[in-house]
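Following: one structure in structure tokens, then a few remarks.
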Amino acid sequence: MGAPTAAFGGDLITVTWSVKNHGTLAALRDWRDHIYLSPEEDFDLQDATLLGTVQFKNIPPLNLKPDSTYTASGNVRLPYTTFGTKWIYIVTDGANEELELLEQNNVRSTGMPVQIALLPPPDLEPVSLNIPASTSSGQGIPATFTVNNNGAASYPNQSAWTDKIYLSTAPYFDTAAIPIGQKYHFGGVPAAGSYQASADCKIPNGVQGDYYVYVQADAGNKVFEYNFENNNVFRSADVLPITLTPYPDVVVTSVVPSDLMLTEQQPFSLAWTTTNQGPAATEQAFRETVYMSPSPVWPGSSGNVSLGSFTRADNLLPGDSVIRSSSFIMPNVHGNTWYFYVITDSDNSLYEYTFENNNSTRSEQAVTVVQQYADLEITQFNAPSSGNSGATVTLNWQVANNGDVPTGTGYWTDAVYLSADATLSGSDWQLGNLEHSGVLLPGTNYSASKTVTLPNGLSGNFYLLLDVAHNLSGSVNDPDDTNDFAVFPVTINLSPAPDLIVTQLSLASPVYAGQSVYAHFTVKNIGNGALTGQQISDRVFFGNAPSLAGVKGIGFAPVAHNRTR
């Protein structure tokens, strides 16, 4: 392994190394060799810096065979911030992509350290800052500044950074300063050189008084300046007087519903008055949102219901009011007493100084909401009166909505069961489901059909059960589930059963461990019934005894076709 023994930070150096395969098998996978820079003679991955990787593609017949060697080289750049005594290491297969018996011998150094000299760093220092003589809160101002490079050199890899502008009431710079603008700088600055820049700054809303303005060069510390980081901030000589800009203050002064007795799924209207009681006009659009809540105090409970949101483009002058009215459809709120709330400037697009907490107003009186329901009813349920076990039967049914409102959801499942009695229980057979899609309006119905298979091995008198919108009465908005269930008696006759046996089994000989083997066998149906329309799997097992006890499965053969005998 070879590498330079002396270099500057930022230099591009060449590292060479050789790797030998000491194993008994060829390397069959792709891998990467990693080049590291370490501050220690004993390699520690936690302290090392990855300089680069070299990819090796193992495409036969170019696999690294046992006792064979390859030599490689890589060009890597030393970090510009690095100096002092360091070591170069190669970690072959650094990502552990190749399976190896031993991984401990994958690391090696050159044996000799590399002495890295610090490249002369830059030293950025802002030396001037020009700002307006005064301004107002919420307004934009320009800031022009100059930054010198007092260092001995500029770094080619540090040619981009961000300078920031701040406000502060303190005559010294600290973390309490408020950022108001920034300027992205691109391009190196030569030693003894400088650059000028201008940043568009925004004075925050609500700020007033005398503030100092600061510029900080390389605010994110992207540029490595060694020990010259303490002169990156420059302050304006004079304070910037900031006056408070007048602001709007919008409030809702009344909320009046069209009636104090409202009905679900029926139209109603709501009127409210919005007033600007601030010293300035609104001047820009803002939103108002209408809610229902069972609580007399906002924000109330988690049961709040949003009725709608509206964009208002009115330019409300100080003292102006506007009466607004909108129509709604009462949702299914499943409760009796409700309040209406109107939140003005609900998106906080208006700056209202310290008056943001008066934007919510509710109706003075609570309204009573009369609930309405859907009512799913099975109006028809037909099926054959008898059938054979293992055979199919077709069921037909019709469901109507005899309620006052549309169903609360358009998706539910009708389920069909077979039971020994006329009630549904966990021991019943579920024969099939049918998904329904579409809201069912009052006075309308739908028809459905489902072909199901009766269980094998049954005989006697049973019942077919139909359960509409199974376990979804709440979502459907149908509290009366007594007519969502229907029963149809059916007599089941026992069908003749098939009886499968293996009549012949043979294997190719000899059989080798770990290798594929073909099993040839014959299956015969000696029963009285046909095997029709069913999918079966034949499995092959291996064991050291002439019984199935303790055997292991070694394969299966799916049979996806009909067998009649």
Do the side chain of [X] and the main chain of [Y] share a donor and acceptor less than 3.5 angstrom apart?
X	Y	answer
Arg287	Ser309	yes
Asn359	Thr344	yes
Asn401	Leu440	yes
Asp33	Asp93	yes

Quick one: do the [X] and [Y] side chains pair a donor with an acceptor below 3.5 Å?
X	Y	answer
Ser137	Asn205	no
Ser437	Glu435	no
Ser269	Ser327	no
Ser293	Ser295	no
Asn336	Thr368	no
Asn332	Gln371	no
Ser495	Asn388	no
Glu100	Asn106	yes

### Task
Under the side chain to side chain contact (heavy atoms under 4.5 Å, CB included) rule, what do Asp259 and Phe268 come out as? Steps first, then yes or no, please.
CA-CA 8 Å; Asp259 202 319; Phe268 72 98; over 6 Å; no
Report yes if the side chains of [X] and [Y] come closer than 4.5 Å at any heavy-atom pair, otherwise no.
X	Y	result
Thr282	Asp314	no
Ser321	Thr253	no
Arg324	Ser326	no
Asp414	Val416	no
Glu352	Val250	yes
Val255	Arg362	no
Leu464	Leu418	yes
Lys65	Asn21	no

Only one of Asn358, Thr354, Asn276 passes side-chain hydrogen bond (donor to acceptor under 3.5 Å, both in side chains) with Asp249, and that residue is Asn358
inquiry  = Set out, in order, the CA-CA distance, both residues' side-chain angles and the distance that settles side chain to side chain contact (heavy atoms under 4.5 Å, CB included) for Lys450 and Trp397, then state yes or no.
reply    = CA-CA 9 Å; Lys450 181 72 174 180; Trp397 62 92; 3.6 Å; yes
Tyr341 and Pro296 have their tightest heavy-atom pair at OH-C, 2.9 Å
Would you please indicate yes or no on a ring centroid separation below 6.0 angstrom for Phe340 and Trp272?
no
Any carboxylate oxygen within less than 4.0 angstrom of a Lys/Arg side-chain nitrogen, looking at Arg312 and Glu288? yes
Q) Parallel, tilted or perpendicular for Phe310 and Phe328, by the 30°/60° rule? A) perpendicular
